Amino acid sequence: MDDKFLKPYNPQACEDAIYERWETSGYFNPDVCVEKGVTKEDAEPYSIVLPPPNVTGVLHIGHAAMLAIEDILVRYHRMNGYRTLWIPGTDHAAIATQARVEKDLQKKEKKTRHDLGREEFLKRVETFAQESHNTIVHQVRKMGSSLDWGREAFTLDETRQQAVHEAFKRFYELGLIVRGDRIVNWDPKGQTVISDDEIVYEERKTMFYTFRYDKDFPIAISTTRPETKVGDTAVAVHPDDKRYKEYIGKEFDAVFCDVPIHVKVIADNSVDPEFGTGALGVTPAHSVADADMAERHGLPTVPVINEYARMTVDGHLKDMKVNAARETIVGWLRTERLMEHEEEITQNVSTAERTGAIIEPLPKLQWFVAVNKPFVLEHSNIPSIESGSTTTLKEIMRASVAPGAIHITPERFEKTYYHWIDNLRDWCISRQIWYGHRIPVWYKGDKLYVGTTAPQGEKWEQDPDTLDTWFSSGLWTFSTLGWPEDTSDLRTYHPTSVLETGYDILFFWIARMILMSGALVGDIPFRDVYMHGLVRDEKGRKMSKSIGNTMDPLDLIAKYGADATRLSLIIGAAAGNDIKLSEQRVKGYKNFSNKLWNISRFVLQYADEVKLDLKTPLHSDDEKLVDELCELAQDVTADLEGFRLYLAGEKLYHYTWHRFADEILEESKAVLAGKDETAKKQRVRLLYDMLVIQLKLLHPFIPFVTEEIWSALPKKDADLLMIARWPDTK
RNA sequence: GCACCCUUAGCUCAGUCGGUUAGAGCGCACCGUUCACAUCGGUGAGGUCGCAGGUUCGAAUCCUGCAGGGUGCACCA
């Protein structure tokens with residue numbers, strides 16, 4: 001027996017060396033596995049792309065959970081002989097990374113990005129991104145992740161750049177990317193457009209004012225934003241509202257707080273006659289709903305607020321911030337005795353997720369992905385969409401999540417997904433930031449060129465904007481496999497097997513990958529979606545820096561080992577359910593590693609003593625014990641296939657500790673201390689076999705300690721446990 | 001407003017989509033320990049499965065309603 005068993009298991013002393021052994025073995029790469037006969041060339045492929053962590057800093061505990069889950073799936077399939085590929089990568093996270101660097105710049109040098117200029121600023125961001133990348137990759141290795149590092153990708157590297165340009169070009173040619181002057185969500189603090197999904201609604205108390213534009217105006221209107229009323233071009237009422245019927249179609253002039261306005265009274269079904277006065281001022285330039293109404297009625301659009309959330313009208317409101325303008329107008333309404341009613345209401349205010357600023361809806365010329373526009377999908381493997389048929393991106397998204405295509409675990413998220421699709425509007429993809437994929441469009445006068453490289457000839461100016469970061473991450477399942485080239489990786493590993501991620505990112509990312517893959521590859525991007533929950537603190541609060549309750553995965557690994565950290569994130573975490581993590585839990589699982597260590601010590605000690613011989617027949621009474629373990633193996637296998645990792649982990653934990661150690665080993669002591677040499681040999685062979693099976697079953701969950709024990713086994717069917725055969729469950 | 005989820009032991013949660021006396025971990029109480037392991041072992045207490053109905057031979061599990069908690073989407077000016 002190896003002397004190392006005389007001391008308690010010490011993860012810190014073993015883990016790095018074990019990872020090194022795995023990595024140099026080359027088995028993380030399926031091609032090597034085929035080469036060395038670990039798996040067959042025609043074996044079924046199994047692939048996962050790692051959801052790329054943002055290069056904004058360090059990994060958090062949620063990433064650790066993600067890595068643990070995916071590594072379990074990957075190791076399990078590798079041990080089952082699949083050609084198993086898990087691709088690593090990182091995400092440039094355009095807006096988040098840029099914001100992070102800008103913040104540092106402001107803090108340390110008191111400079112803005114404009115002080116440095118585009119080129120110099122981008123260099124800074126790239127340096128930061130590189131450092132951040134290195135930290136992340138180190139952390140990912142620490143978790144024991146069996147990723148094929150030779151295939152590592154970055155959402156902003158050269159290969160992915162090509163994929164992005166190609167994708168943009170194809171979408172443009174299909175008419176799915178359009179440029180338009182539409183109302184967008186403008187973040188006045190970040191000075192960029194953001195998508196609907198980057199908005200967070202916050203409940204706030206606001207005053208709700210009811211007033212008239214001027215003394216002679218026949219209809220009173222209500223609003224929470226009086227400052228936008230200088231941009232009104234209509235008053236809308238319900239067509240059946242008797243109170244206002246006589247005014248429909250009439251036009252009025254008024255001077256509203258020093259600003260001359262011209263409004264027409266229109267009838268529109270979207271107006272709720274019960275709400276407020278039943279009449280609303282229509283501001284086509286600063287409200288999406290009003291813009292829709294303006295389009296229906298052919299109303300003019302009068303912008304009155306600019307990108308800095310200041311008023312653009314003439315008169316004494318000019319250049320005022322919107323809040324100040326609101327106060328001025330409210331004061332004016334009161335003195336003029338135009339105010340009829342004021343009350344406090346709670347309202348959902350749209351704020352930018354990244355900066356916290358209140359969103360200002362503004363009309364801007366931007367690029368959009370048209371989700372409802374029909375186009376011909378040349379080639380399709382998506383059920384219910386035939387090759388060459390006319391469809392829409394929305395239809396692709398809907399049809400892709402269905403029996404025979406993508407299955408989401410837990411299933412309830414499928415409903416949430418459909419619900420979201422139904423409410424989906426065109427996706428604004430241009431951003432006024434510098435870090436990211438520059439939009440592959442060039443302008444010269446009124447000419448426009450869309451291509452993967454700059455056009456020939458002089459004086460072409462590239463669009464200064466960059467793409468929404470989700471545009472490039474949407475391509476992730478196939479851009480990592482070499483698309484748009486027709487690579488063997490792409491043919492073999494796409495669609496990928498599973499996409500595993502947190503449920504908070506279902507719409508941002510999953511829906512977009514389905515959209516991209518459907519339109520560009522004509523196929524689903526993955527067969528299964530597995531969603532894990534949020535890791536919360538022991539009181540159930542979200543972990544956040546401001547509360548100070550974050551847990552650093554590297555700290556936990558340093559204290560308790562990667563295996564314990566992994567188990568604590570798996571057991572008790574059913575799909576889609578949040579998990580409450582406390583350090584005590586992690587500590588408990590460290591004890592488990594040591595328990596397994598001591599079990600091994602006990603068995604190996606006797607294996608030495610009786611000169612273990614695997615040809616020794618089992619005692620007939622003992623077959624029941626083997627059957628019982630096989631039943632467990634069957635159970636665990638079924639749980640892994642069904643994504644019930646928490647159950648599989650718990651069953652193994654329980655069996656090893658409370659059945660195998662507490663009962664089977666305890667009962668064995670009498671035999672092993674006895675004088676019947678044959679019985680002893682039989683019992684040792686039994687225990688050894690059972691230990692080997694347990695090590696294999698436990699390996700995906702706690703790879704380090706099992707591999708470390710494996711290296712000390714006198715007899716085994718593989719050099720490394722990571723490529724040993726999964727126990728035959730029959 | 002629309003939709004989804006949750007409510008089971010003191011705490012955190014399972015209960016694999018109807019089937020015998022409802023389980024685990026932690027915690028608690030008591031006992032034990034000359035050795036694989038104190039990073040231990042044994043024993044035990046503890047549950048009207050949120051509430052009220054219904055379906056069924058049988059319900060923690062299915063249906064309806066109610067109460068409390070949470071999440072997503074939309075949003076009325």
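The structure presented is a predicted model; accordingly, all values stated were derived computationally and were not measured. A note on names: the letters A, B, ... follow the listed sequences, proteins ahead of strands, and every chain is numbered from 1.
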Any donor-acceptor pair under 3.5 Å linking the side chain of A:E15 with the backbone of A:A562?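 Side chain of A:E15 to backbone of A:A562, a donor-acceptor pair under 3.5 Å: yes, one is there.
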Parsed dot-bracket for RNA chain B after applying the Watson-Crick and G-U rules with both distances under 3.5 Å and | for other-strand partners is (((((((..((((.....[...)))).((((((....).))))).....(((((..]....))))))))))))....
Open item on the list: Quick check: A:Y606 with A:F602 (ring centres under 6.0 Å apart)?
Closed with: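 Judged by ring-centre distance (under 6.0 Å), A:F602 and A:Y606 do meet the cut-off.
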> Are the ring centres of A:F217 and A:F211 closer than 6.0 Å?
Replying inline: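 Here the rings of A:F211 and A:F217 have centres that are no less than 6.0 Å from each other.
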May I ask you to say what [X] touches in the nucleic acid, namely base, sugar-phosphate or nothing, with a heavy-atom cut-off under 4.0 Å?
{"X": "A:Q584", "value": "sugar-phosphate"}
{"X": "A:S593", "value": "nothing"}
{"X": "A:R644", "value": "base"}

Report task. With A:R182 as the cation and A:F368 as the aromatic partner, state whether NZ or CZ is under 6.0 Å from the six-membered ring centre and within 45° of the axis. Result ->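 Verdict for A:F368: a cation-pi partner in A:R182.
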Distance, C1' atom - from B:G23 to B:G15, rounded to whole angstrom:
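That atom pair is separated by 7 Å.
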Query raised in the report: Which listed nucleotide (B:A36, B:G25, B:C73) is nearest to the side chain of A:L665?
Result: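 Shortest atom-to-atom distance from the side chain points to B:A36.
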*Nearest listed nucleotide, side chain of A:V271, among B:C40, B:U16, B:A77*: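 Side chain of A:V271 sits closest to B:A77.
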### Message
Check this for me: does the side-chain of A:N423 come within 3.5 Å of the base of B:C73 through a donor and an acceptor?
### Response
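Side chain to base: no pair below 3.5 Å.
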### Message
Determine whether a donor-acceptor pair (one donor, one acceptor, N or O, separation below 3.5 Å) exists between the side chain of A:E666 and the base of B:A36.
### Response
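Yes.
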> Between A:D268 and A:H297, is any side-chain donor less than 3.5 angstrom from a side-chain acceptor?
Replying inline: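 Indeed, the side chains of A:D268 and A:H297 share at least one donor-acceptor pair under 3.5 Å.
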